[in-house]
Amino acid sequence: MELTMAIWLVIVAVMLIIEIFTMGLTTIWFSIGALAAAAATGLGAPVGIQILLFVVVSLLVMFLVRPFAMRVVNREHMKTNIDAVVGEQAVVRETIDNRKEQGKVVFRGVDWMARSADNTLIPEGELVQIEEISGVKLVVKRMQ
């Protein structure tokens, strides 16, 4: 029984170490399952029950708690780089004309080459919304 307890505790430790290095909420569930199996070992449960408990508790915790945990962990997710640009507003500095391959907008104080998302001519001074980034150009549309 002591050997089985040691095995379960090693599994707990290994899963926690992996979780610490990955921080992806992937192995924490198995460490909880192994902890339940270790508790069952301490209560004298046979190995088959320990294994069953490990699998059931791991899966239950993963499917029931993980969605909530992921929402909590990702709550502070900040948009960065391209994610932060899409949906923002810019001002047309040079008329956007896709046929002539010209046009510029000012976004956060920086000039960007720009193209119209719907191939319409957008005059200087117009307020636009950024739809995507294509290479080094912002693809924009008129604000409604």
Side-chain angles (χ1 to χ4, degrees), residues 1-94 96-99 101-122 125-144:
M1 183 158 78
E2 287 180 21
L3 179 60
T4 309
M5 176 72 82
I7 291 171
W8 288 121
L9 293 177
V10 166
I11 291 172
V12 169
V14 168
M15 293 298 131
L16 287 175
I17 290 168
I18 292 171
E19 187 63 40
I20 288 168
F21 284 107
T22 62
M23 297 295 286
L25 293 178
T26 51
T27 61
I28 188 77
W29 323 114
F30 301 109
S31 63
I32 294 169
L35 208 55
T41 302
L43 296 172
V47 173
I49 298 293
Q50 295 169 32
I51 293 170
L52 180 66
L53 196 58
F54 168 72
V55 171
V56 170
V57 169
S58 295
L59 292 176
L60 264 174
V61 173
M62 182 169 41
F63 288 118
L64 296 177
V65 178
R66 188 172 196 274
F68 172 74
M70 291 302 286
R71 279 194 302 270
V72 170
V73 168
N74 290 330
R75 180 179 296 160
E76 298 297 320
H77 175 72
M78 288 183 61
K79 290 182 174 181
T80 58
N81 300 331
I82 292 175
D83 291 337
V85 172
V86 174
E88 293 289 326
Q89 296 177 359
V91 177
V92 177
R93 174 164 284 186
E94 176 186 294
I96 299 172
D97 186 344
N98 289 3
R99 287 177 303 192
E101 295 186 0
Q102 68 183 32
K104 288 185 182 175
V105 297
V106 177
F107 175 67
R108 295 183 182 163
V110 177
D111 283 351
W112 288 75
M113 290 188 292
R115 297 297 177 261
S116 171
D118 55 7
N119 288 320
T120 59
L121 192 71
I122 305 176
E126 190 87 21
L127 189 61
V128 292
Q129 181 175 0
I130 301 167
E131 295 292 303
E132 66 178 283
I133 296 181
S134 177
V136 295
K137 297 177 193 87
L138 298 180
V139 179
V140 300
K141 70 174 184 178
R142 274 194 174 116
M143 294 295 295
Q144 301 298 342

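Predicted model only: the values in this text are computed from it and were never measured.
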Taking [Y]'s backbone N and O only, do any of them form a donor-acceptor pair with [X]'s side chain (distance below 3.5 Å, no angle check)?
| X | Y | value |
| --- | --- | --- |
| E94 | G103 | yes |
| Q50 | A45 | yes |
| E132 | V86 | no |
| R115 | I96 | no |

Shortest non-hydrogen contact between [X] and [Y], atoms and distance:
| X | Y | value |
| --- | --- | --- |
| S31 | M15 | CB-CB, 3.6 Å |
| A36 | L53 | O-CD2, 3.5 Å |
| A90 | V106 | CB-O, 3.3 Å |
| V139 | S134 | CG2-CB, 3.9 Å |
| V136 | W112 | O-CE3, 3.8 Å |
| V57 | G33 | CG1-CA, 3.8 Å |

* To do: Could you list all the ring-ring contact (aromatic ring centres under 6.0 Å, His included) pairs where at least one residue sits in residues 17-66, not counting sequence neighbours?
  =>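 Counting only pairs at least two positions apart or across chains, the ring-ring contact (aromatic ring centres under 6.0 Å, His included) contacts touching residues 17-66 are W8-F54.
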Once you round to the nearest 0.5 Å, how far does [atom1] of [X] lie from [atom2] of [Y]?
| X | Y | atom1 | atom2 | result |
| --- | --- | --- | --- | --- |
| T22 | I17 | OG1 | CD1 | 12.0 Å |
| E131 | K141 | CD | NZ | 4.5 Å |
| M143 | I122 | CE | CD1 | 11.5 Å |
| T27 | I20 | OG1 | CD1 | 9.0 Å |
| E126 | R142 | CD | CZ | 4.5 Å |
| Q129 | Q89 | CD | CD | 7.0 Å |

* Just one of I28, L35, I32 clears the side-chain contact (heavy atoms from CB on, under 4.5 Å) bar with L16, so which one? ->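 Single pass found, and it is I28.
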* Decide yes or no for V55 and S58: does some side-chain heavy atom of the first lie under 4.5 Å from some side-chain heavy atom of the second? =>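 They are not in contact (no side-chain heavy atoms under 4.5 Å apart), so the answer is no.
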* Would you check if V91 and L127 make a side-chain contact, meaning some heavy-atom pair closer than 4.5 Å? =>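 Yes. Closest side-chain heavy atoms under 4.5 Å.
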* To do: Sequence neighbours left out, what passes side chain to side chain contact (heavy atoms under 4.5 Å, CB included) with V14? Give chain and number order.
  =>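 Result, side chain to side chain contact (heavy atoms under 4.5 Å, CB included) vs V14: V10, I18.
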* Please say whether more than 12 non-hydrogen atoms of neighbouring residues, nucleotides or ligands are located less than 6.0 Å from CZ in R108. =>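 Yes, the 6.0 Å shell around CZ holds more than 12 heavy atoms from other groups.
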